[in-house]
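Numbering of ligands and ligand atoms starts at 1, following listing order.
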Amino acid sequence: MEKRVNITIDGVHIRAPEHTSVLDTAIEFGICIPHLCHYPGVPDIGACRLCIVENVVRGKPRVTTSCTLKVREGMEIHTNTDRIQQLRKNVAEMLVAEAPNSKAVQDVAVRCGVTDVPYKFHNEECVLCGRCVRVCNDVWQAKALGFVGRGRDRHVAFPFEKKPDFCKHCESCVDLCPMNRTPCPGPMKKGEEFVCGQCESQLSMAEDVDDSCVWCRLGDGFGCTRKVQAQ
Ligand code: SF4
Ligand code: SF4
Ligand code: FES
């Protein structure tokens, strides 16, 4: 029988299946933590840092990514403190500055309260979330994609920059890429990027309802698998 552990997330007592992540547990129980690099069934690497939460250890809250944090007996998690909101908003600001031409990124930025960004727009074609690399390597076991380079040169590439024969042509790398969702008004021109803020997934009404999954449909971009309203 599946072993469960007792944890609290935002004061809600949850019996979570052992070995699951805090992020998966929160989503399962209707507590929406914004996330981007996480995708169900693909190993997490904590790349985007949007899913940060406070994990209270011996009375001290420690900020950590919830997708890479496994549940443990007695754990106390806070997903939406003032500190987390501020840190997450800053992460989202940087993300949308890097890649304003992604609807998934625009959506998550709005979800995190971003209305403007204090950073220069770069209009990158990749946010280095690693979804493509992980689905290729860990799910399909194809190892046809990988990260190369460091710092601003870091990017995703085929070995020797050429699609290898052992690519399985599954297209998962394309399907899971958050950059493949262009903003509704269409691609933003270089030098004319902005925070859209018009997305239907803005949660202004729903945020007045305590402890409720708002079924925000952000999962279209972020892989939230929740299908039912919170109890
Ligand atoms: S299409 Fe090829 S490169 Fe892309 S995930 Fe599948 S095996 Fe990997
Ligand atoms: S190509 Fe897409 S899926 Fe791959 S790391 Fe970049 S943003 Fe993520
Ligand atoms: S770091 Fe957890 S979803 Fe990206």
Which of the atoms in ligand 1, numbered in the order shown and given with their element, are less than 4.0 Å from a heavy-atom of H169?
->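 Selected atoms, number and element: 1 (S), 2 (Fe).
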Give the numbers and elements of all ligand 1 atoms closer than 4.0 Å to a heavy atom of A142.
-> 7 (S)
Of all heavy-atom pairs between [X] and [Y], which one has the smallest distance, and what is that distance?
X: R4; Y: P17; value: NH1-CD, 3.8 Å
X: K168; Y: W140; value: NZ-O, 2.7 Å
X: C132; Y: V156; value: SG-CG1, 3.8 Å

Between R62 and N55, do the side chains contain an N or O donor and an N or O acceptor separated by less than 3.5 Å?
-> no
Quick one: name the protein N/O/S atoms under 2.8 Å from atom 4 (Fe) of ligand 2, chain by chain.
-> C132 SG
Checking a contact table here: which protein heavy atom is nearest [atom], and how many Å away?
atom: atom 7 (S) of ligand 1; answer: K168 N, 3.2 Å
atom: atom 8 (Fe) of ligand 1; answer: C136 SG, 2.4 Å
atom: atom 2 (Fe) of ligand 1; answer: C167 SG, 2.3 Å
atom: atom 6 (Fe) of ligand 1; answer: C170 SG, 2.2 Å

Looking at R134 and D138, does any basic side-chain N land under 4.0 Å from a carboxylate oxygen?
->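 Between D138 and R134 there is no salt bridge, as every charged N stays at least 4.0 Å from the carboxylate O atoms.
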Residue shell around ligand 3, heavy atom under 4.0 angstrom | H35, L36, C37, H38, G46, A47, C48, R49, C51, T65, C67
Keeping the roles fixed (side chain from S102, backbone from A99), state whether a donor-acceptor pair exists under 3.5 Å.
-> no
Excluding sequence neighbours, so at least two apart, what forms side-chain contact (heavy atoms from CB on, under 4.5 Å) with P61?
-> E54, V56, R83
Check against salt bridge (charged side-chain N to carboxylate O under 4.0 Å, His left out), R152 and E124 = CA-CA 11 Å; R152 285 216 78 86; E124 299 288 352; 3.1 Å; yes
With a cut-off of 3.5 Å and sequence neighbours excluded, list every side-chain donor-acceptor pair involving residues 183-192.
none

